[in-house]
Q: 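I am attaching a structure below and will ask some questions about it afterwards.
As the structure is a prediction and not an experimental result, all values here were calculated from the model. No hydrogens, no waters, no symmetry mates; every other heavy atom, side chains included, goes into these values.
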Amino acid sequence: MNATSFLAVLGGLLALAFVANRLFRLTRVPDVIVLLAVGLFLGPVSGWLQPAPFRPITDTLGTLALILILFEGGLDLNLRDTLRHFPGGVLLATLGYVLSVGLVALVVWERRQFTLVPALLVGAALGCTSSSIVLPVLQQMGIRDPLRVILLIDSSLGDVLAVTTVSVLLDFGTNSGPFVGGFLGRVTLKMMASVAAAILAGMLWSRVLPVLSEERFWQAVTFSVVLLLYASTEAFGHSGLLAVLAFGLTLANVRRIDPHLLGLFFAVQPSSKEHHVELLAFYSEVAFLVRTFFFVLLGVVVDVRGLKGHAWLTLGSLGALVVARAAAVRASRWSWGEIGPRDREIALWVFPRGLITAVLAIQVLNVRGSQFDFLPALAFATIVVTNILVIFGSIRAKRRQPPQREPALAKEETGVMSS
């Protein structure tokens with residue numbers, strides 16, 4: 001494929017991703033399924049694109065997309081609403097992830113005869129709901145609070161739990177110590193240190209933005225801060241993704257703090273609402289671009305033949321994820337506040353796997369080698385099936401939605417009642 005044809009393909013992919021994203025309300029098909037299908041066609045099916053040149057950049061591109069999406073998610077969260085629904089979201093995310101990891105690990109242990117840590121690694125990679133899918137789906141489905149905030153917390157925290165858990169489990173291959181105590185201690189330390197660094201960086205940068213925003217390319221400079229924050233946090237062994245999410249959340253909400261209180265520490269006023277809107281629009285566009293290329297490349301490089309001979313492992317893992325989600329929703333819904341049957345139906349089926357699942361599967365394979373040759377293909381199947389379940393759930397939720405009354409009829413009834 002020459003340069004002209006390659007650029008034409010890139011342009012066509014972006015146009016296709018835009019159309020698929022906008023047609024979600026009509027087709028109920030998440031755009032990630034369309035992108036993966038296109039990647040399969042361009043790679044394994046037609047052979048137009050060979051996977052070898054793209055494999056080295058897939059992991060990096062996936063991490064970049066994840067950074068952008070989590071930062072955008074933080075910018076889009078209102079801290080007051082987040083804190084109001086925080087317990088429900090945290091409970092759903094924690095129960096869902098722990099149950100998913102445990103049940104998938106049991107399936108892998110039984111089917112592959114893995115020991116504890118390798119089995120948990122598979123469960124940890126597949127166990128989290130993906131914010132890269134949930135954020136666009138929630139926007140397209142028009143879900144309102146409190147369910148929207150709960151599912152955002154669920155998916156964002158799930159990403160962080162997955163990345164942190166996989167990194168800690170990989171460390172257990174080289175570090176000794178008590179498993180349970182060491183695991184919980186490392187996870188807690190990683191999260192606390194990441195959040196503290198992000199809040200400090202967010203407050204400092206919010207003081208700089210009002211001055212910097214008078215210059216061109218100030219959004220790009222902010223992106224450089226995001227990347228540096230991620231890299232430095234990871235270099236110290238903490239969670240860079242959690243830091244990125246907390247950084248975006250801080251930038252979005254620091255302006256709501258009393259200026260007199262902030263003035264004790266900073267002389268410059270915090271960034272305005274206009275700066276926040278511009279940042280959100282900029283990173284939404286960039287995240288869409290990077291995310292589109294990643295999922296197409298994933299379709300190109302994945303070797304679906306890796307599932308050959310693992311049908312029962314795939315079916316068992318998918319069944320374990322469905323059971324874990326149902327149990328987590330049932331056990332945590334008491335903490336959600338006023339949630340109707342339609343919202344509970346949405347929460348039950350909207351647990352798609354996506355970007356983070358693919359990135360972590362590739363990472364585990366790269367670190368642990370041929371023992372996990374099946375994992376990228378298993379992750380691919382999990383992404384496709386859980387996104388299909390989103391279609392199923394959105395259709396069922398639509399049927400549960402109460403019928404809309406005609407405006408004329410509503411007006412007539414109002415007039416009768418007033419008379």
Side-chain angles (χ1 to χ4, degrees), residues 30 73 82 84-109 119-135 137-138 141 143 145-166 169 180 183-184 187 191 242 245 315-357 360 379 382-383 385-394 396-397 400:
T82 302
R84 184 185 308 159
H85 304 298
F86 191 73
V90 170
L91 186 59
L92 176 62
T94 304
L95 286 175
Y97 187 69
V98 171
L99 290 173
S100 297
V101 172
L103 292 178
V104 171
L106 282 175
V107 173
V108 174
W109 172 79
L120 288 175
L121 270 172
V122 178
L126 302 181
C128 72
T129 301
S130 175
S131 60
S132 65
I133 309 297
V134 169
L135 286 174
V137 165
L138 294 182
M141 292 179 70
I143 298 174
D145 298 338
L147 182 64
R148 184 184 71 88
V149 178
I150 289 173
L151 292 181
L152 282 176
I153 296 172
D154 170 40
S155 60
S156 299
L157 183 58
D159 284 341
V160 173
L161 284 172
V163 172
T164 305
T165 302
V166 168
L169 288 173
V180 176
F183 176 81
L184 294 178
V187 169
M191 289 188 170
L242 179 58
L245 177 66
L315 292 174
S317 299
L318 292 171
L321 294 177
V322 173
V323 171
R325 182 63 174 189
V329 169
R330 180 173 291 274
S332 64
R333 64 186 184 183
W334 62 268
S335 63
W336 298 357
E338 295 296 328
I339 296 291
R342 176 177 179 267
D343 290 337
R344 288 197 296 270
E345 190 79 40
I346 292 173
L348 177 63
W349 297 109
V350 178
F351 63 104
R353 272 48 180 172
L355 190 62
I356 189 63
T357 300
L360 291 178
T382 304
I383 292 169
V385 173
T386 53
N387 277 273
I388 291 175
L389 290 178
V390 172
I391 304 173
F392 176 75
S394 64
R396 284 182 56 87
R400 280 182 174 267

Q: Can you give me every donor-acceptor pair (side chain of residues 121-130, partner residue at least two apart or in another chain, under 3.5 Å) with its distance?
A:
{"unit_1": "S130", "atom_1": "OG", "unit_2": "S132", "atom_2": "N", "d": "3.3"}
{"unit_1": "S130", "atom_1": "OG", "unit_2": "S132", "atom_2": "OG", "d": "2.6"}
{"unit_1": "S130", "atom_1": "OG", "unit_2": "L355", "atom_2": "N", "d": "3.4"}

Q: Hey, does the side chain of T165 reach the backbone of A162 with a donor-acceptor pair shorter than 3.5 angstrom?
A: no
Q: For the pair T386 (side chain) and I383 (backbone), establish whether a donor and an acceptor sit closer than 3.5 Å, ignoring hydrogens and angles.
A: yes
Q: Go through the steps to decide whether I153 and R148 satisfy the test side-chain contact (heavy atoms from CB on, under 4.5 Å), and finish with yes or no.
A: CA-CA 9 Å; I153 296 172; R148 184 184 71 88; over 6 Å; no
Q: Between N387 and P352, what is the shortest heavy-atom contact and its length?
A: OD1-CB, 3.8 Å
Q: F351 and side-chain contact (heavy atoms from CB on, under 4.5 Å): which single residue from L92, L151, V322, V134 fits?
A: V322
Q: Closest approach of A347 and V329, non-hydrogen atoms and distance?
A: O-CG2, 3.7 Å
Q: Within this structure, what is the CG-CG distance for the pair L242 and D159, rounded to the nearest 0.5 Å?
A: 11.0 Å
Q: Taking atom CH2 of W349 and atom CZ of R344, what is their separation to the nearest 0.5 Å?
A: 15.0 Å
Q: How many angstroms lie between CG in L91 and OG in S335, if you round to the nearest 0.5 Å?
A: 4.5 Å
Q: Give me the atom names and distance for the closest heavy-atom approach of L99 to A328.
A: CD1-N, 4.1 Å
Q: Atom OG in S155, atom CD1 in I150: separation rounded to 0.5 Å?
A: 12.0 Å
Q: What heavy-atom pair brings S317 and V107 nearest, and what distance separates the two atoms?
A: N-CG1, 3.8 Å
Q: Which heavy atom of R353 sits nearest to which heavy atom of L321, and what is that distance?
A: NH2-CD2, 3.6 Å
Q: Quick one: side-chain hydrogen bond (donor to acceptor under 3.5 Å, both in side chains) pairs with a partner in residues 318-329, sequence neighbours left out?
A: D154-R325
Q: Only counting residues at least two apart or in another chain, list the ones meeting ring pair (Phe, Tyr, Trp, His ring centres under 6.0 Å) with W336.
A: none
Q: For the side chain of T164 and the backbone of L161, is there at least one donor-acceptor N/O pair under 3.5 Å apart?
A: no
Q: Backbone N or O of G96 within a donor-acceptor pair of the S100 side chain at under 3.5 Å?
A: yes
